[in-house]
Amino acid sequence: MPGSLTRRRNCVSRSAIMEAHSRNLFADMLVRVRTATTAVLGDAVDQSRVVVEPPRDPSHGDMATNAAMVLAKDAGKKPRELADAIAKKLRADPLVEKVDVAGPGFINMTLKPRAWIGALRAAIVTGQNYGRSDIGKREKVNVEYVSANPTGPMHVGHGRGAVFGDALASLLDFTGFDVTREYYVNDAGAQIDVLARSAFLRYREALGENIGAIPDGLYPGEYLKSVGEALAKAHGATLKERPEADWLPVVRSTAVEMMLDVIRDDLAALNVKHSVFFSERSLIEGGADQVGATIVALRASGEVYEGRLPPPKGAPVEDWEDREQTLFRSTDFGDDVDRPLKKSDGSYTYFASDIAYHKAKYDRGFHNMIDVWGADHGGYIKRMQAAVKAVSGGKAALDVKVVQLVRLLRAGEPVKMSKRAGDFVTLREVVDEVGRDAVRFMMLYRKNDAVLDFDLAKVIEQSRDNPVFYVQYGHARAQSVFRNARAEMPSLPVGEGNRVAFLAEAPLERLNDPMELALMRKVAAFPRQVESAALAHEPHRIAFYLYELASEFHAHWTRGKDLPHLRFIIQNDPETTAARLALVQGIVTVIASGLTLLGVEAPAEMR
RNA sequence: GACCCCGUAGCUCAGCCGGAUAGAGCACCAGCCUUCUAAGCUGGGGGUCGCAGGUUCGAAUCCUGCCGGGGUCGCCA
């Protein structure tokens, strides 16, 4: 009866709050294992290699620790012997049901139901904050992603880096880092002049001139027509008669601005966010040549010198010119050769301004930097890491995450792209066709350094074969349980607003079916998954976790077909129903939270 | 020639900081089912973790060499 539930609520609320305190059961158990180990070995031993993790084989229990094996040598004891001693201490722990020593010295623990109950309650009570942690200690970290040249719309490969960087930034934010999401705008190099010349051609075209075929070396894309039209509208024919030196800066800034608008729209369509757009041009503008200053500083510290390079091996370079040039001593940091900072015409190389850019990041207080690059930039990792070490005096670290190629398919067949016509498949076209959620989830449903097959037909299928649908449907199906509960048992307060308070105090000890317990364990594992994904800089782990959780939930749901007593809603048993709805709420919370981290919608229904 | 990434079941891929008898989905085989939301369910077969050494109590995981696939290789970004 609802009445008895109401009374019960007052009785258990204090313990509910206390148990909700242990938000990360695995971290909690690690502390308990370490305490037990200290009781045996004293506090002088280094326990940094001790871990608590779920055993691969569930029959070994809920959690296992390697404490005895990694400490046996230091302790001067046999692993099994040490394990027995630690196990004895752990048996006194109030959360521990059973402890076994197995194999070479594993300590396997089976936890009391109250441990899982506490974790589930934590998920319900903390809601979207479940899994949030402070392991980042508010350390500043700069995540730079996309940074596509503002010379045209984004392609699918850019999209992968965008989604990856965005999700990684969210993950780091969620785990307590002070995250800056940054886009480096390459608005200064030679390619920007090429863009301007290409736009100038379109400008003449907009004025009615027949420009014929776009010459080699210029951007042929139709998307520049709008730039040409805008220029014609703003300047009439006045630019046309003047020398390039006059019109180039004007056309350049208009073109870059318009292309950045296109890119910003593309990013918005994917819901990818940045907090800083850092202009390369700003490094050399206004008389303050930060690139030159950086080179001078590195020359003073001996990292930059004048010298010669051997010609590159492999593909022959036709116009190789052996000359003395300004070089960065990246070999001091493990690179293969030293790298040039100036081109033969005296202008800076891309690398030179990138060094200055990363120095600027360091000067802005970032000791942790993450760059997300496309696979074709893989050869630049070492020199950039070398540069970061050099400009920071070894105080800053750069992690470069390389996202591999995306192969676009449609029902298994490669999508043809003709690059020379400039009409490659844009990111926008893909997003418009299959939707933001499908693009985001699929791009995260693979390790970043593995090539990704993206099948336009498959990602919109409504089947188990399509992880996006499967996970989102899991969320929608879980929400539907509450809709049904409200209809079938109106006396239960399980609306959007009052659900949490009610379910947090449900009699969760009634969840004792093996599948229910498995789902509780899965929910309890979420904070650990978040933590490891964040520290490893691998958002895909969240996507895989969500697929597993959804899979278990769907399987449990289906069992209710044959076994009505396992259904979530039991009309004549409000207590059991409340407990099961609490489990569903935990699942809803975690799926929604995980999808939010990935930037994917968690729909309440899918019709 | 050098460097980077990949190599795990027939296919597509997971495997967290080294951990126990290496997992999932698809496909295949057998049985069941026809729906509290529309993914059917349960069980089964299937692996020399590319190869060879090394480190370790323990290696798919770390190190070295080789093989195969992809990428990159001053003055593009």
Side-chain angles (χ1 to χ4, degrees), chain A residues 48-49 51 53-57 60 64 66 69-70 72-73 78-79 102-106 108 147-149 151 186 189-192 194 280 309-315 317 319-323 325 327 335-340 342-347 349-351 353-354 374-382 402 404-405 445-451 453 455 461-467 469-470 473-474 476-477 479-481 483-485 488 528-529 531-533 535-536 538 540-541 543-545 547-548 550-551 554-555 557-562 564 566-569 605-607:
Chain A
S48 58
R49 290 171 63 212
V51 296
E53 56 190 4
R56 196 144 46 189
D57 185 342
H60 290 144
N66 61 353
M69 291 180 290
V70 298
K73 199 174 269 181
K78 288 180 184 164
F106 284 102
N108 292 329
S147 301
N149 291 339
T151 54
N186 294 122
Q191 86 284 353
I192 291 299
V194 172
E280 179 184 6
L309 282 181
K313 304 266 167 84
V317 179
D319 54 345
W320 174 260
E321 170 199 355
D322 186 29
R323 63 181 175 90
Q325 49 188 335
L327 297 170
D335 202 0
D336 312 317
V337 290
D338 292 339
R339 304 293 178 175
K342 283 187 179 176
K343 303 179 195 172
S344 51
D345 66 0
S347 64
T349 60
Y350 175 80
F351 180 49
S353 31
D354 221 359
D376 53 339
H377 291 55
Y380 292 78
I381 296 175
K382 278 186 187 173
V402 167
Q404 269 291 349
L405 305 174
Y445 197 65
R446 186 110 320 172
K447 256 184 320 197
N448 59 287
D449 48 14
V451 176
D453 287 341
D455 195 312
E461 254 175 41
Q462 298 209 339
S463 77
R464 179 170 193 154
D465 217 7
N466 176 9
F469 167 77
Y470 200 61
Y473 182 45
R477 179 173 257 181
Q479 291 289 16
S480 82
V481 175
R483 289 195 290 274
N484 292 333
E488 292 175 37
R528 180 173 175 273
Q529 288 291 341
E531 189 176 309
S532 75
L535 293 178
E538 292 185 351
H540 76 273
R541 293 186 196 184
F544 279 94
Y545 166 85
Y547 183 82
E548 288 167 14
S551 177
H554 286 306
W557 169 290
T558 308
R559 287 176 78 217
K561 286 182 189 173
D562 295 336
L566 287 180
R567 296 184 177 195
F568 298 112
I569 299 165
E605 53 186 330
M606 300 176 82
R607 289 189 184 274

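Labels below follow one simple rule: chain letters A, B, ... track the order of the sequence lines, proteins then strands, and each chain is numbered from 1.
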> Could you run down nucleotides 11-19 of chain B 5' to 3' and tag each one B, S or - for protein heavy-atom contact under 4.0 Å?
Replying inline: -SSSSB--B
> For every nucleotide of nucleotides 39-45 of chain B, 5' to 3': is a protein heavy atom under 4.0 Å from its base (B), only from its sugar-phosphate (S), or from neither (-)?
Replying inline: BSS----
>> Ring centroids only, cut at 6.0 angstrom: are A:Phe351 and A:Tyr380 within range, meaning strictly under it?
In response: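 When the ring centroids of A:Phe351 and A:Tyr380 are compared, they turn out to be at least 6.0 Å apart.
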>> When you compare the side chains of A:Thr151 and A:Gln191, does any donor N or O come within less than 3.5 Å of an acceptor on the partner?
In response: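 Distance-only check fails for A:Thr151 and A:Gln191.
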> Any idea how A:Tyr473 and A:His554 line up, ring-wise: parallel (<30°), tilted (30 to 60°), or perpendicular (>60°)?
Replying inline: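 It falls in the parallel class, under 30°.
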Roughly how many Å apart are [M] and [N], using the [atom1] atom of each and rounding to a whole number?
| N | M | atom1 | answer |
| --- | --- | --- | --- |
| B:A20 | B:G40 | P | 33 Å |
| B:U12 | B:A27 | C1' | 11 Å |
| B:C16 | B:G50 | P | 14 Å |
| B:G43 | B:A60 | C1' | 28 Å |
| B:C62 | B:C49 | P | 16 Å |
| B:G70 | B:C75 | C1' | 27 Å |
| B:G71 | B:A52 | P | 28 Å |
| B:C26 | B:A39 | C1' | 14 Å |

Is [X] touching bases, backbone alone, or none of the nucleic acid, heavy atoms closer than 4.0 Å?
| X | answer |
| --- | --- |
| A:Ala64 | base |
| A:Lys73 | sugar-phosphate |
| A:Asn108 | base |

Nearest whole Å is fine: how far is [N] [atom2] from [X] [atom1]?
| X | N | atom1 | atom2 | result |
| --- | --- | --- | --- | --- |
| A:Glu605 | B:U37 | CD | P | 12 Å |
| A:Arg567 | B:C36 | CZ | C1' | 5 Å |
| A:Leu405 | B:C4 | CG | P | 18 Å |
| A:Leu309 | B:C73 | CG | P | 15 Å |
| A:Gln404 | B:C6 | CD | C1' | 8 Å |
| A:Ile569 | B:U37 | CD1 | C1' | 12 Å |
| A:Ile381 | B:C3 | CD1 | P | 15 Å |
| A:Phe351 | B:C76 | CZ | P | 15 Å |

>> Could you identify the nucleotide paired to B:C73, looking across every strand shown and requiring Watson-Crick or G-U wobble geometry with both distances under 3.5 Å?
In response: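 The answer is B:G1, by the H-bond criterion.
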> In the structure shown, which nucleotide is the Watson-Crick or G-U wobble counterpart of B:A24, with both distances under 3.5 Å?
Replying inline: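 Paired with B:U12.
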> Measuring from A:Arg567:CZ to A:Glu488:CD, what's the distance to the nearest 0.5 Å?
Replying inline: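 Between A:Arg567 CZ and A:Glu488 CD, I get 9.0 Å after rounding to 0.5 Å.
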> To the nearest 0.5 Å, how far apart are CD1 in A:Ile381 and CG in A:Asp335?
Replying inline: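 Answer rounded to 0.5 Å: 11.0 Å.
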>> Evaluate A:Tyr545 against A:Ser532 for side chain to side chain contact (heavy atoms under 4.5 Å, CB included), listing each step before the verdict.
In response: CA-CA 12 Å; A:Tyr545 166 85; A:Ser532 75; over 6 Å; no
For [X] versus [Y], what's the shortest heavy-atom pair and its separation?
| X | Y | value |
| --- | --- | --- |
| A:Glu461 | A:Phe469 | O-CB, 3.6 Å |
| A:Glu605 | A:Ala476 | CA-CB, 3.7 Å |
| A:Pro104 | A:Pro79 | O-CB, 3.3 Å |

>> Can you tell me if A:Lys343 touches the phosphate of B:C76, counting only side-chain N or O atoms and a distance under 4.0 Å to OP1 or OP2?
In response: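 For B:C76, OP1/OP2 do have a side-chain N/O of A:Lys343 under 4.0 Å.
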>> The side chain of A:Tyr380 is closest to which nucleotide in this list: B:C36, B:C3, B:C73?
In response: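 Side chain of A:Tyr380 sits closest to B:C73.
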> When the nearest nucleotide of RNA chain B is assigned to A:Glu280 and to A:Phe568 on a heavy-atom basis, which residue is associated with the more 5' position?
Replying inline: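 With A:Glu280 and A:Phe568 compared, the 5'-side residue is A:Phe568.
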>> By nearest heavy atom, map A:Ala375 and A:Asp345 onto RNA chain B; which one lands nearer the 5' end?
In response: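 Counting from the 5' end, the first nearest nucleotide belongs to A:Ala375.
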>> Under 3.5 Å, is there any donor-acceptor pair linking the side chain of A:Tyr547 to the base of B:A24?
In response: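 Checked by distance alone, the answer is no.
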